[in-house]
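Encoded as structure tokens, the structure appears first; notes follow it.
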Amino acid sequence: MARMRRRGFLLRSSVVLGSGCLVAPNTRAAVAPAVLRKPVAPVVVASANGHAGCVARAFEEIVAGKAVVDAVVSGVTLVEDDPNDHSVGLGGLPNEDGEVELDASVMDGPSGLAGAVASIRRIKNPSRVALAVLRYTDHVLLVGAGANAFAKAHGFPEQELLTPEAREIWLHWRATMSDTDDWLPKTGKDVPENVKQYFGITGTINCCGVDAKGDLGGVTTTSGLAFKLAGRVGDSPIPGAGLFVDNAVGAAGSTGRGEANLVTAGSHTVVEFMRAGKHPKDACLAACRRIAESTRAPRLLRADGRPDFNVSYYAVDKRGRYGGAALYDGGEFAVCDAKGPRKESLVGLFAR
Ligand code: ASP
């Protein structure tokens with residue numbers, strides 16, 4: 001009975017919104033509670049790999065009137081489609097078995113809805129599938145075979161995502177990880193520098209934005225930890241961990257060690273610090289401090305007692321302020337506003 005009523009409501013909503021509206025049926029139905037006194041200067045932030053086109057495309061689409069969640073997904077699609085970015089989508093580094101498994105989440109501020117997929121295979125744009133989960137299901141998260149079946153039902157094409165270069169990187173990793181198994185390295189034990197740089201690497205793209213009305217949206221998409229256990233899911237597809245958007249406050253997302261972010265609900269923490277009045281940069285820094293304070297397992301600590309991994313946060317608030325921070329300094333993030341796309345420095349909690 002409740003289900004019948006919900007469907008009836010959605011039908012009415014989409015009729016009112018008009019069939020040409022890209023965000024119908026269920027992303028624009030709700031209204032954000034906060035009221036702004038003056039228009040916001042739109043801004044988009046992303047992890048550093050969003051510099052090459054992503055933030056500029058998202059910003060242009062926001063200014064042209066597209067819903068923020070659609071614009072940021074459009075932006076990260078550029079990176080998912082890029083075979084040379086080994087952290088997401090096509091060309092992403094695979095799990096330990098050589099299978100590329102992708103995770104993504106989206107959140108739409110005005111409706112308060114989220115969509116996500118985890119461990120999806122052979123679909124290069126998991127962010128778009130996550131958007132379809134948000135828009136065309138009554139759920140938030142689909143995983144594995146179910147996520148793939150849903151994507152297939154919606155016509156997302158399947159393809160091999162392991163590019164020749166990503167395969168070579170994986171093969172080097174696989175063949176040099178043990179002296180006692182039966183895998184032999186093609187080029188001896190010396191791993192080429194261009195391959196070695198990817199060992200133990202994590203990578204992701206997060207992109208969040210705010211439009212002139214103060215409406216917010218965000219996306220996080222990733223191939224996850226390189227050479228992970230099959231089925232390992234990180235923070236990226238988990239609302240509250242790798243991404244969180246509250247249309248009354250702000251939007252935040254992260255890259256880095258997903259396990260640390262999962263156990264601290266990191267992006268939610270950033271938004272809560274913004275709700276308490278912190279500038280986005282300081283809110284990101286406070287969430288980094290929370291990770292440092294809660295990391296106690298000896299295997300995760302350096303000799304000086306600090307985490308032996310990095311996590312970075314990126315955030316925008318409803319007023320159009322933005323910032324980013326990381327556990328360790330030296331990183332950058334991508335920004336685009338009316339001044340154009342650029343990189344800015346992340347504030348570090350600790351010196352590297
Ligand atoms: N956070 C991602 C994950 O843990 C990886 C990364 O951002 O580097 O899956």
Side-chain angles (χ1 to χ4, degrees), residues 45-51 54 72 76 79-80 82 85-89 91-97 99-107 116-121 126-127 129-130 141 143-144 147 161 166 169-170 173 197-208 218-244 252-270 284 287-288 290-291 294-295 297 300 307-315 324-328 330-334 346:
V45 294
S47 42
N49 52 348
H51 181 60
C54 165
V72 292
V76 300
V79 188
E80 290 177 333
D82 179 0
D85 187 312
H86 293 307
S87 70
V88 295
L93 290 177
N95 66 19
E96 65 177 3
D97 303 326
E99 280 280 349
V100 180
E101 289 184 324
L102 305 176
D103 305 330
S105 62
V106 296
M107 287 190 76
V117 290
S119 290
I120 194 168
R121 297 179 174 194
S127 64
V129 185
L141 174 62
V143 305
L161 300 179
I169 295 166
W170 169 70
W173 172 83
Q197 63 176 313
Y198 293 107
F199 284 20
I201 202 175
T202 54
T204 294
I205 181 161
N206 163 256
C207 186
C208 291
V219 58
T220 303
T221 175
T222 189
S223 51
L225 185 63
F227 322 128
K228 60 194 174 187
L229 293 180
R232 176 267 188 189
V233 173
D235 57 328
S236 304
I238 308 300
L243 177 69
F244 194 68
S254 77
T255 58
R257 181 179 159 81
E259 283 73 6
N261 208 20
L262 279 166
V263 294
T264 55
S267 295
H268 182 261
T269 300
V270 174
C284 291
C288 290
R290 181 72 60 81
I291 289 181
S294 61
T295 303
L300 297 175
D308 76 348
F309 55 82
N310 206 0
V311 172
S312 305
Y313 292 108
Y314 321 93
L327 280 171
Y328 291 100
E332 293 183 310
F333 67 110
L346 292 167

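For ligands, and for the atoms within them, numbers begin at 1 and follow the listed sequence.
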Proximity of Arg232 to ligand 1 by residue part, where a heavy atom lies under 4.0 Å: side chain
Pick from Ile205, Thr204, Ile238: the one approaching atom 7 (O) of ligand 1 most closely through a non-hydrogen atom: Thr204
Note, Ser294 side chain near Val263 side chain (heavy atom, < 4.5 Å): no
Aromatic ring pairing His268/Phe244, orientation class (parallel under 30°, perpendicular over 60°, tilted between): perpendicular
Any Gly256 heavy atom less than 4.0 Å from ligand 1: yes
Numbered atoms and elements of ligand 1 in range of Thr255, under 4.0 angstrom, heavy atoms: 7 (O)
Interatomic distance, Asn206 atom CG to Asp235 atom CG [nearest 0.5 angstrom]: 9.5 Å
Thr295 and Phe309, any side-chain heavy atoms less than 4.5 Å apart: yes
Distance filter under 4.0 Å to Gly224 heavy atoms, resulting ligand 1 atoms: 9 (O)
Sidechain N-carboxylate O distance under 4.0 Å for Glu259, Arg232: yes
Minimum non-hydrogen distance to atom 3 (C) of ligand 1, winning option of Asp235, Asn206, Thr222, Thr221: Asp235
CZ on Phe333 to OG on Ser47, rounded to 0.5 Å: 11.0 Å
Glu259 N/O under 3.5 Å from ligand 1 N/O: no
